Amino acid sequence: MTSGGGVRAGNGGSMRPRGFLGARQWLSRAMSRCVLEPRPPGKRWMVAGLGNPGLPGTRHSVGMAVLGQLARRLGVAESWTRDRHCAADLALAPLGDAQLVLLRPRRLMNANGRSVARAAELFGLTAEEVYLVHDELDKPLGRLALKLGGSARGHNGVRSCISCLNSNAMPRLRVGIGRPTHPEAVQAHVLGCFSPAEQELLPLLLDRATDLILDHIRERSQGPSLGP
């Protein structure tokens, strides 16, 4: 896979209104056209929480739980809109001078990339401007890591995104869920719900994950380089 790929939408014909409320109205019209105006590079980012729709409490869908906390932090928890073009739930949020597009796919994990790539096209984003948030078997619960591109490392949702975006450059926030001792227990572990003891750790984990991704986006919004 190439590391600089990604897709951009074509140019629209109308001027973008000023202000966040105006941007939301413009966004609604633009989504119906599936085309957006060009914008200054690095001022809009997408954060996609990978998971299985309808299974929000499972370890495999912890990326969606992070997106829920992110939406609450940004004050847009009641603003999710189902978008038929992307087959996803979308919310738009301001972050300083930047704009965040929050996305929760409505396709199964193995096809999450189709929703992510369609939204990237719609919003005129390159792969480097798309953050993926997903579960990580090889890290214990509570451990977070921000990975800047690279292989899917066996994660089917990430593999789908790499395939559909034709790039492996997406930054990923990997949220540890721990690996069971016995290999035959992996599938049940991943698709199962967090235990009561694990659920007690989740609020702090989701807060830390939200802090990490917002701090990284703020840093990148201030300059052109992809920092660690």
Side-chain angles (χ1 to χ4, degrees), residues 46-84 86-93 100-116 118-119 130-147 152-161 164 170-214:
M46 183 191 302
V47 185
L50 305 188
N52 286 308
L55 298 172
T58 64
R59 296 180 181 91
H60 211 22
S61 294
V62 70
M64 290 185 169
V66 173
L67 261 286
Q69 178 63 19
L70 186 58
R72 287 188 289 274
R73 179 80 64 87
L74 296 171
V76 295
E78 304 301 321
S79 301
W80 291 102
T81 300
R82 184 179 300 189
D83 182 71
R84 61 183 179 85
C86 304
D89 293 331
L90 297 173
L92 183 68
L100 298 189
V101 179
L102 309 184
L103 181 143
R104 298 185 304 201
R106 283 191 164 269
R107 292 184 169 100
L108 294 177
M109 177 71 86
N110 292 4
N112 273 188
R114 293 170 58 192
S115 295
V116 173
R118 188 70 184 94
V130 176
Y131 284 77
L132 307 179
V133 185
H134 64 88
D135 58 302
E136 174 57 63
L137 266 171
D138 292 326
K139 292 189 178 300
L141 182 68
R143 187 72 59 84
L144 300 168
L146 195 60
K147 177 179 172 62
R153 296 173 58 92
H155 193 286
N156 289 332
V158 176
R159 182 181 293 113
S160 174
C161 291
C164 293
M170 298 79 71
R172 303 111 196 237
L173 178 59
R174 299 155 61 196
V175 182
I177 61 170
R179 181 182 288 273
T181 304
H182 301 291
E184 61 272 17
V186 167
Q187 182 174 355
H189 175 77
V190 167
L191 297 179
C193 293
F194 288 104
S195 69
E198 290 173 329
Q199 290 176 18
E200 292 183 4
L201 303 176
L202 280 181
L204 179 58
L205 173 61
L206 299 181
D207 268 337
R208 289 174 48 230
T210 297
D211 288 339
L212 182 57
I213 203 161
L214 288 178

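Here the structure is a predicted model, which is why all the values come from computation and not from measurement. The basis for the numbers below is simple: all heavy atoms, side chains too, and nothing from hydrogens, waters or symmetry mates.
We find the CG-CG distance between Leu70 and Leu206 to be 10.5 Å, quoted to the nearest 0.5 Å. One distance of note links CG of Leu102 with CE of Met64; it measures 12.5 Å at 0.5 Å rounding. Summarising the geometry, atom CD1 belonging to Ile213 is positioned 11.5 Å from atom CZ belonging to Arg73; distances are rounded to the nearest 0.5 Å. Interatomic distance, CG of Asn156 versus CG of Asn110, reported as 4.5 Å (0.5 Å rounding). In this structure, NE2 in His60 is found 10.5 Å from NE2 in His134, a value given to the nearest 0.5 Å. In this structure, Leu50 CG and Leu67 CG are separated by 8.5 Å, a value rounded to the nearest 0.5 Å.
Residues passing the ring-ring contact (aromatic ring centres under 6.0 Å, His included) test with His189, sequence neighbours excluded: none. Under the side chain to side chain contact (heavy atoms under 4.5 Å, CB included) criterion, Ser115 pairs with Ala87, Ala88, Pro105, Arg107, sequence neighbours left out. The side chain to side chain contact (heavy atoms under 4.5 Å, CB included) search around Leu201 returns Leu141, not counting sequence neighbours. Contacts of Ala209 classified as side chain to side chain contact (heavy atoms under 4.5 Å, CB included), with partners at least two apart in sequence or in another chain: Val66, Leu144, Leu173. Applying the side chain to side chain contact (heavy atoms under 4.5 Å, CB included) rule to Arg153 yields the partners Glu136, Asp138, Lys147, Ser151, Arg174; only residues at least two apart in sequence or on another chain are considered. Arg104 meets the salt bridge (charged side-chain N to carboxylate O under 4.0 Å, His left out) test with Asp89; sequence neighbours excluded.
Checking side-chain atoms of Asn112 against main-chain N and O of Gly51 turns up a donor-acceptor pair under 3.5 Å. Formation of a donor-acceptor pair under 3.5 Å by the Gln69 side chain with backbone atoms of Asp207 is not found in this model. Side-chain atoms of Asp83 come within 3.5 Å of backbone N or O of Cys86 as a donor-acceptor pair. Under a 3.5 Å cut-off, the side chain of His182 and the backbone N or O of Ala185 do not form any donor-acceptor pair. With hydrogens and angles ignored, the 3.5 Å screen pairs no side-chain donor or acceptor of Ser61 with any backbone N or O of Pro56.
Contact between Val116 and Ala48 at its shortest, heavy atoms only, is CG2-CB, 3.9 Å. Across all non-hydrogen atoms, the minimal contact from Arg59 to Ser195 is NH2-N, 4.0 Å. Nearest heavy atoms, Ala77 versus Arg72: CB-CG, 3.7 Å. Shown here for Arg114 and Cys164, the closest heavy-atom pair between the two residues is N-SG, 3.6 Å. Closest approach of Phe194 to Thr58, counting heavy atoms only: CE1-O, 3.9 Å.
The environment of Glu184 atom CD is dense: over 12 non-hydrogen atoms of other residues, nucleotides or ligands sit within 6.0 angstrom.
Between Leu92 and Leu100, every side-chain heavy-atom pair lies at or beyond the 4.5 Å cut-off.
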